[in-house]
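Everything on this sheet refers to the single structure shown next.
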Amino acid sequence: MARRDDESFVEFVAERGTALLRTAQLLCGGRTDAEDLLQTALEKAYRHWGRMKPGSNPEPYVRKILVNLSVSRARRWRVLREVQMAAPPETPTASEAGNVELRGVLMEELKKLGPRQRAVLVLRYWEDMSEAETAAMLGCSVGTVKSQAARGLARLRERMGTSAQAAASRG
């Protein structure tokens, strides 16, 4: 690999690393897992960095690696699931703004979805990708993206009904 390729990789990570970490966090739930996931994705991308066309945008490629790693990881770890919490369950959390608490509830419920539904919702609504872009990223049909998004949103609405109302009323 040429030296200039190393520099372009470092620039890419410096510019897009934070956004990619946020995506990884939404895909897998916890910050430490997200950091590991992103590190592995960047390692895979770096191995093929010299083959990328000059001037092309590598972010979709790295995002696709993140999604694939997240889905694979969820399949492998389905049996050995570790529940991560920001605070022990016996400690009540109080927030000054209902929106912050509502966001926390949403993140917790998002973690409970299956890896495929979570990936569709994160890419479609958090990353603001179109249905076609999401389908291309996940290697599935647009219909699959639509159905997974509809089921995932319905599940979130069902689960968040009372917790979302409670969080919103406190703010």
Side-chain angles (χ1 to χ4, degrees), residues 1-2 5-86 103-104 106-157 159-160:
M1 185 175 291
D5 287 333
D6 287 347
E7 292 171 3
S8 67
F9 183 78
V10 169
E11 285 176 20
F12 169 74
V13 173
E15 289 174 11
R16 301 304 305 156
T18 304
L20 289 169
L21 180 60
R22 248 189 326 248
T23 300
Q25 238 176 315
L26 288 167
L27 288 170
C28 63
R31 180 156 178 106
T32 54
D33 288 339
E35 289 170 349
D36 291 342
L37 191 72
L38 180 59
Q39 182 67 32
T40 304
L42 290 174
E43 176 189 339
K44 286 179 180 264
Y46 181 75
R47 281 190 250 146
H48 301 287
W49 196 257
R51 295 184 210 156
M52 291 191 169
K53 294 177 186 171
S56 67
N57 182 8
E59 188 169 357
Y61 175 68
V62 176
R63 248 196 254 133
K64 184 168 186 156
I65 294 171
L66 277 172
V67 169
N68 290 341
L69 286 171
S70 172
V71 170
S72 294
R73 179 181 158 272
R75 284 182 188 140
R76 282 192 314 267
W77 290 6
R78 187 169 291 164
V79 176
L80 304 172
R81 187 165 285 177
E82 178 181 330
V83 178
Q84 295 186 4
M85 294 183 223
R103 187 176 195 173
L106 175 62
M107 294 304 200
E108 288 302 314
E109 293 302 328
L110 192 60
K111 288 178 195 176
K112 294 176 186 175
L113 293 177
R116 203 72 166 157
Q117 280 182 347
R118 186 171 51 242
V120 166
L121 292 179
V122 167
L123 293 175
R124 182 79 179 89
Y125 300 107
W126 184 269
E127 293 294 330
D128 200 27
M129 296 174 107
S130 70
E131 290 168 342
E133 291 171 327
T134 303
M137 178 73 63
L138 295 174
C140 62
S141 70
V142 173
T144 301
V145 170
K146 288 179 180 181
S147 66
Q148 290 292 312
R151 287 183 191 130
L153 289 173
R155 206 170 200 190
L156 285 177
R157 285 184 190 112
R159 288 182 175 170
M160 289 184 65

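Keep in mind the model is a prediction, meaning the values are calculated, not measured. All heavy atoms count here, side chains included; hydrogens, waters and symmetry mates do not.
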Do Phe12 and Leu20 touch side chain to side chain, with heavy atoms closer than 4.5 Å? yes
Within-4.5 Å side-chain heavy-atom neighbours: Val62 and Arg16: no
Look up atom CG in Leu113 and atom CZ in Arg159, then write down how far apart they are to the nearest 0.5 Å. 6.0 Å
Check whether any side-chain heavy atom of Leu21 lies under 4.5 Å from a side-chain heavy atom of Arg31, and answer yes or no. yes
Supply the atom-to-atom distance Asn68 CG to Arg63 CZ, rounded to the nearest 0.5 angstrom. 13.5 Å
Would you compute the distance between atom CZ of Arg22 and atom CG of Leu38 and round it to the nearest 0.5 angstrom? 12.0 Å
Could you check if a side-chain atom of Gln148 sits within less than 4.5 angstrom of a side-chain atom of Arg124, using non-hydrogen atoms only? no
Run the side-chain contact (heavy atoms from CB on, under 4.5 Å) test on Glu133 and Glu127 for me, step by step, so that the C-alpha distance in whole Å, both residues' side-chain angles and the decisive distance to 0.1 Å come before the verdict. CA-CA 11 Å; Glu133 291 171 327; Glu127 293 294 330; over 6 Å; no
With sequence neighbours excluded, tell me which residues meet side-chain contact (heavy atoms from CB on, under 4.5 Å) with Ser56. Met52, Lys53
May I ask you to test the Val145-Leu123 pair for a side-chain heavy-atom distance under 4.5 Å? no
Of all the heavy-atom pairs spanning Leu42 and Phe9, show the shortest one and how long it is. O-CZ, 3.5 Å
For Gln39, give me all partners under side-chain contact (heavy atoms from CB on, under 4.5 Å), at least two apart in sequence or on another chain. none
If you define the side chain from C-beta out and look only at heavy atoms, does anything of Met107 sit under 4.5 Å from Leu26? yes
Check whether any side-chain heavy atom of Val142 sits under 4.5 Å from a side-chain heavy atom of Lys146, and report yes or no. yes
side-chain hydrogen bond (donor to acceptor under 3.5 Å, both in side chains): which pairs involve residues 114-123, sequence neighbours left out? none
To the nearest 0.5 Å, atom CG of Leu66 lies from atom NZ of Lys44 at 11.5 Å
Checking Thr40 side chain against Asp36 main chain: does a donor-acceptor pair fall under 3.5 Å? yes
Angle class for the His48/Tyr61 ring planes (parallel below 30°, perpendicular above 60°, tilted otherwise)? perpendicular
To the nearest 0.5 Å, what is the distance between CG on Leu156 and CG on Leu121? 6.0 Å
NZ/NE/NH1/NH2 to OD/OE distance under 4.0 Å, Lys112 and Glu108: no
Check each of Asp33, Thr23, Leu69 against Cys28 using the side-chain contact (heavy atoms from CB on, under 4.5 Å) test, and report the only one that passes. Asp33
Taking C-beta and beyond as the side chain, do Val120 and Tyr125 meet within less than 4.5 Å on heavy atoms? no
